[in-house]
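Notes follow once the structure below has been shown.
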Amino acid sequence: MKINGYQDWKEAMLQLPERTFFLLMRLYLGEIKTPFNKQRLVESLGGFLSKPETQRTMIESLDRLDLLILTAVHTLPVTNRGSLLIFLSSETALQTRLTNLEERLVLYRDCYTDDYDRLINNYRINPFLYKSVEPLLDAHSLFLPQREQELQSEATLCDDIVLAGLYTFFLKETDVLKMNGAFKVKAEKQLKAVFQDAATDIGCFKTLCTGLQNLGLLIVESASLTPQQGRWEEFFKQKPFDRKMYTIAAVYGHARRESMQKRAQFFSDFLTSLDPHGLYDDIALKRFFDFLFLRLHAETNGDVSIFPDMMIEDELRMIDTLKALKFLLPVGEYWQLNTASFNQESVEQPLIAAPSFEITMLPFTALGRIFPVLSCMEPVSILTTGRFTITRAACLRCFERCCTDKALIALLEEASGGIIPQNIKVSISEWYLQCTAVGLYYGFVITVAEEKRKLFKQNAGLQDIIYKELADGVYLIKQMDLDSVRMMIKSAGLDVTFYTTGGTGQYTAAGFASIEYRHSALDRFDKKAKKRRTIQCKQKNDYSEHIRELQAVVDTMPIDQYNKQGLKEKIAKKLIITKEQLNGAPTDNGVREVSGLDFLGKIHLAETAIADNSRLEVSIDGVSGRRIIVGVPIAIEKTEHDALLVIQEDNTQCKEKISIAGIIKMRSFRSSFFS
């Protein structure tokens, strides 16, 4: 919010359409004498607004909705009409009130063109009123919880044990998808049997898998969901909280690495901004989302790649995702932050291995440390702790990745703190002998002529990339990209020729940027809602009395009933706030309501409404009784003995012709100054 915006306000007034400009000037300054100067008229209006009495009265006229809108304008980084309508969408008659605040000169629109030649049309608080109204604006009140209670904490549905279980499950179960991408019935039963909490609602489980797919952790191949192991390894190196935020962010859809990181940061900021003791309804949660979304829009100069095609229904879907994955916990009709969402702990604790081949993973186990051995396990039960089992089929997958029995046993001993039952070691060695009797290898193979083998073996860099020597001078190397292999061989002083029988496509394992754990976005807001409510209650009573006093003055004025009614309507809308305005108010000779047999009066009112583009309310007697039609008058078709009013009803495309002589009552609603 710009405080020193006097010049901006003056320019905004001068840029108003002619009709709007002079209606406002006559309303607040009285009849305008010619010749006139628009610049001086604006200065005179500024003088009117500078009077302490005027400012006091205008401040007293502000009710709850007025202050809510002004607080939003004061708080939000983007304050155009669309942003305010979205942010305060739970409030009724919001569009009408925004227009009313403009007519009352409390708000004005600051129009300018940004660096991208886009027209920016933001609402601002009138600088003449800012110092008086600012103490009443408590931005924190926009986000206050409905109630408070003790903290809640329980495991989220994408915590580390669940992720480890998913990784091992999809290594084991490959054929899980139907042709339309949904899970097969058999796969759903298996998921529910293993993930007894997470898969209670299979829809939540599908949501979680969607996020993992969009992160590239699960790759859809035909009817399979295949874990991309290199990317899981990178993912498990991140902090537990970062993994959760990336998973939520990816549910929205695919994005570039930078955009996904900013999206994950957005959800981190959203959860951080919630009071952990607070109970929030859906309206309050959406308001948090809208505020942070507008802030993100401003910080990134409108970068739409972070949340492409974001609509209101998408906001609600993402809030529902936070509920489904238990970042928000239900408390009756409200929702409370799950404090376990922020768990950053990871403990270097061992896996527990039993002679029954069962492996137990305790909560907070560091996934990065145990990742190398997860591939030799299959999930049995994923609850607070994870239970896995070492199987022959799972170990075969490890052997196929060029892991020997000795290497696998060494990894298991490291992950379990050196405590591995002897029968497990013996079984792994036996399985290895059985599985390696016939070998089928996939990857890069290097063949080295006999005269070059000595030079090849002397190069330490080349020895580091060798998985296994398959035969004399034949080496299977660790998976690397082709250019890197060529460069390393050439750096050893050797030439190389690349032979291929087909494509060697592979998925990349790009890393993840860290998520910044920031303080609440609302920390800078003052908590003064209680004081504001007390002031507001007193203001409401005082201004109601002020309205009655002004309307009593109108009753004594020597003008007809139509003009009295018009003035009282302006007083009720808080457009007339001083007795001086009443004394200088121009006479409105246009009749606003006509009843009965006044045929010429109805003709005149209809013609005036057509000229002003005002709406009409007409009452007629029909077969089923009295009928009221409200709409925009289009034309009057005169006949020999009557005249027909052509009117288009509100919210329809229907045009109706009505006999003006048969109209019982006709009432005109003058359009807003800013319509």
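Positions are given from 1 along the sequence.
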Q.
Minimum heavy-atom separation for Cys158 and Thr247, please, with both atom names.
A. CB-CG2, 4.3 Å

Q: Identify the residue among Arg147, Glu148, Gln152 that makes a side chain to side chain donor-acceptor pair (under 3.5 Å) with Gln336.
A: Gln152

Q: Anything under 30° is parallel, anything over 60° is perpendicular, the rest tilted; go ahead and classify Phe236 against Tyr167.
A: perpendicular

Q: Mark yes or no: Arg263 above the aromatic ring of Phe307, with NZ or CZ under 6.0 Å from the six-membered ring centre and no more than 45 degrees from the axis.
A: yes

Q) When you check the side-chain N and O atoms of Gln349 and Thr365, is any donor under 3.5 Å from an acceptor? A) yes

Q) Judged by modelled atom types alone, do Asn459 and Gln463 share a side-chain donor-acceptor pair under 3.5 Å? A) no

Q) Counting distance only, does the side-chain N/O of Ser268 pair as donor-acceptor with the main-chain N or O of Ala264 below 3.5 Å? A) no

Q | Backbone of Asp281 reached by a side-chain donor or acceptor of Glu333 within 3.5 Å | A | no

Q: Could you pull out all residues at least two apart from Glu173 that satisfy side chain to side chain contact (heavy atoms under 4.5 Å, CB included)?
A: Phe169, Val176, Gln190

**Q.** Non-hydrogen side-chain atoms of Phe512 and Arg231 separated by less than 4.5 Å
**A.** yes

Q: State, yes or no, whether a side-chain contact exists between Arg287 and Tyr280 at a heavy-atom distance under 4.5 Å.
A: no

(Q) Set out, in order, the CA-CA distance, both residues' side-chain angles and the distance that settles ring pair (Phe, Tyr, Trp, His ring centres under 6.0 Å) for Phe266 and Phe289, then state yes or no. (A) CA-CA 9 Å; Phe266 172 89; Phe289 195 102; 5.0 Å; yes

Q) Does Lys206 come within less than 4.0 Å of Glu188, counting only side-chain N to carboxylate O? A) yes

(Q) Let me confirm one number: the NZ-CD1 distance from Lys425 to Ile409, rounded to the nearest 0.5 Å. (A) 7.0 Å

Q: Report the C-alpha separation of Lys186 and Asp175 in whole Å, then their side-chain angles, then the decisive distance to 0.1 Å, and conclude whether the salt bridge (Lys or Arg N to Asp or Glu O under 4.0 Å) test is met.
A: CA-CA 10 Å; Lys186 178 183 176 182; Asp175 187 23; over 6 Å; no

**Q.** Flag if over 12 foreign heavy atoms under 6.0 Å of CD, Glu150
**A.** no

